[in-house]
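As the structure is a prediction and not an experimental result, all values here were calculated from the model.
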Amino acid sequence: MTLMRALHKWIGLLLGLQLFLWMLSGFMMGWFDHETVSGHALSRHEGHMDHAVMRESNPVDPMAFLTQDEKAGALKDISLRTFLHKSVFAIRAENGTRMIDASTGQDVVVDADAAKTIAISDYAGEGTVSSVTAIEAPTMETRKRKGPAWRVDFDDEGASSFYVSAETGDIWERRNDTWRVFDIFWMLHIMDYENRESFNNILVIGSSWIVFWLVLSGLVMIGEGFKRGDFNLVSAASQRKRTRNLTLWDKSGGERIVTARGRITVFDALATSDLHLPSSCGGGGSCGLCRIQMDDAPVATPADFRQIPASELQAGYRLACQHFVSRDARLKLPDHLLEARDFEAEVVSATFLTPTIREIRLRPIAGGALDFRAGSYMQVTIPSYSLNRDDAGVPAELRTAWGYSEASNDIRLKAPLHRTYSLANAPGETEGDFLLNVRLATPKAGGEVAPLGAGSAYMCQLAPGDRLALRGPFGDFGLKEGGREKVFIGGGAGIAPLRSMIIDALVNRGDTAPLSLWYGARTETDIPYQAQFDAFAKAHANFRWTVALSESVGPSWSGARGLIHEVALRDHLATHPDIASCDFYLCGPPLMLEACIAMLAQLGVREDRIAFDDFGS
């Protein structure tokens, strides 16, 4: 539905522009004077047939003057007519029309002087002939006319032009500047930008199908709106006058009752009470971060189905931005939301772990150390800013890897936005400070040009002493209870929550169950925390970790190659004696997540044994 909404919006905008052109061109064509446009106002309307001349003529037999081709079957018809006050036969054949003198049988030629005389005799304006030009092929002003012609131009205000057939002396067209302007609007109206002749072109046909699709997609979205109660005006009016009590609680033990006005979303109702659910889509239902659990949950919306696993839907999880406050309700909020706080933190250090991932160490300025659970994340406010990418503090040796392929050197953010980043450290690891891993999205080598992300570009240029506004911690992504084997699969900046949970399990909890980390990277330089995980593997017998490189592999690399979920399957999961006893923790690029979840589903792993975090990306 998100993709449909986006397509509906942008395609509707494009079609709206075309509708404006249709309306404007239709209005203008109606506004122009038809007689002026058609050129009739320039004509004397006296006709070219001199019947007195025809009555006085004593014509020859035209059949005696036919060419061999005309006698062989190319002849179509012969007509008697007048041309410049004398009778002529017009002999029309497959290859054109010629005229012969009706009295002598001699060929009659329509030369420049004849064309000029014909045009002057028909012209009703006040100008004089300024030029006579031979036309060998049809022009935009003669369109479908065939055969040679003469263009006779007059020096009047309308720049009138008469087109006279060089075969018959007939006046084909009378054009002027009014017609030429009209013709532009005609072109816009029929969308025939090449020939300006026919409505039956691919653009008009395509527009019709687009309108048909817009109608269908609009009906689908209207249906969704009905499910949400958007069109229940009676209920909406009554709900707005009433207030409801929302009882809020989370697993950390906090509980609170807030009063909310009806007909606003749960997301907005909590925000009015300074309980800000995480969100990166602003309530559009596309990021899935504002997930709550509701007693007696309402019917799930399509957005709920897209963002929430089936097992959690059955357990009453819903997106707060998709449901209105319509009754008293009891809500379970994301862990620690009631304790989440807004605060400022100062950058203590900022270090590139890889060419594209920067570790930022932050220290809260007030309020003491951050109390969080391994796997939690923070919401960061990115202020409006303007930055030249060469001033982003990227070491020169890393700029190539950053993919400086954006067309503009300037990165601008006009309005603040929010970004979410997982905590990379375990509770108690960094003496009150906390770590964020920020990855700058870059195109693959040889891939399409991609702009630098406004959020990550800002984060990556931070230096010690800079300050950030944050909110949190948030998140349900964390270690499950029980001593089961834990399998972590990740890639990119997804290493952050996995590192936090692994250290928490090994160091803080003293977990002795098997624990493995499978990390996918493009190249050898894209592996963060390599020395630390090697040290963990030596210090903890129950821990192992494997890195698989998917792209460039140096001659010294002896490790795994390929996509990380395929390596994990090949080297561990496919032959696991009891895979149902494992807990899986996933975090990384969307495609990696999709592949991992599909693989685990094929292996028969239950949904409740799979925890993942994708920040709605």
Side-chain angles (χ1 to χ4, degrees), residues 278-282 286-287 289 345 347-362 377-395 398-424 434-445 447-464 466-472 474 490-499 520-523 525-529 587-593 613-617:
S279 173
S280 61
C281 68
S286 60
C287 72
L289 294 177
V347 176
V348 177
S349 64
T351 307
F352 280 99
L353 301 174
T354 74
T356 57
I357 298 179
R358 199 175 203 193
E359 180 190 80
I360 301 175
R361 180 166 181 156
L362 294 156
Y377 65 89
M378 303 295 297
Q379 183 168 289
V380 178
T381 299
I382 307 294
S384 56
Y385 71 95
S386 177
L387 176 71
N388 186 293
R389 64 183 184 184
D390 290 332
D391 297 331
V394 182
L398 299 181
R399 292 183 180 181
T400 300
W402 268 45
Y404 270 6
S405 56
E406 191 181 35
S408 172
N409 287 329
D410 296 324
I411 308 170
R412 296 180 185 275
L413 181 63
K414 295 182 179 179
L417 53 77
H418 297 99
R419 288 289 183 266
T420 51
Y421 299 100
S422 290
L423 293 160
F434 58 94
L435 306 176
L436 303 181
N437 286 173
V438 179
R439 180 180 183 276
L440 187 72
T442 58
K444 290 183 178 180
E448 296 182 357
V449 173
L452 302 179
S456 56
Y458 179 83
M459 294 292 288
C460 284
Q461 57 85 43
L462 290 173
D466 289 341
R467 293 188 174 189
L468 276 178
L470 301 103
R471 177 180 298 156
F474 302 111
I495 192 62
L498 304 187
R499 178 185 183 276
R522 292 180 181 178
T523 68
T525 61
D526 293 326
I527 307 172
Y529 301 117
C587 192
L591 292 178
M592 188 216 78
L593 279 178
D613 204 351
D614 66 356
F615 291 162
S617 46

Measure the shortest side-chain to side-chain distance between [X] and [Y] over non-hydrogen atoms and say whether it is less than 4.5 angstrom.
X    : Y    : result
V348 : L362 : no
R358 : L353 : no
F434 : L470 : yes
V380 : Y421 : yes
V438 : R419 : no
V347 : I360 : yes
M378 : F474 : no
T354 : I527 : no

Partners passing side-chain hydrogen bond (donor to acceptor under 3.5 Å, both in side chains) against T525 (at least two apart in sequence or in another chain):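 Scan of T525 (side-chain hydrogen bond (donor to acceptor under 3.5 Å, both in side chains), adjacent residues dropped) gives T523.
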Qualifying residues under side-chain hydrogen bond (donor to acceptor under 3.5 Å, both in side chains), relative to Y529, sequence neighbours excluded: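 For Y529, the residues satisfying side-chain hydrogen bond (donor to acceptor under 3.5 Å, both in side chains) (neighbours in sequence not counted) are E359, N437.
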Between [atom1] on residue [X] and [atom2] on residue [Y], distance to nearest 0.5 Å:
X    : Y    : atom1 : atom2 : value
F352 : I357 : CZ    : CD1   : 11.0 Å
L468 : T381 : CG    : OG1   : 8.5 Å
L436 : S422 : CG    : OG    : 9.0 Å

Residue pair G455 / I382: nearest heavy atoms and the distance that separates them: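 In this case the closest contact between G455 and I382 is O-CD1, 4.0 Å.
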Heavy-atom pair with the smallest gap, counting every atom of Q461 and Y458: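 Looking at all heavy atoms of both residues, the shortest contact is NE2-O, 2.9 Å.
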Whether R439 side chain and A493 backbone form a donor-acceptor pair below 3.5 Å: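 No: the side chain of R439 does not pair with the backbone of A493.
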Distance-only side-chain donor-acceptor flag, R361 / S349, under 3.5 Å: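 Short answer, no.
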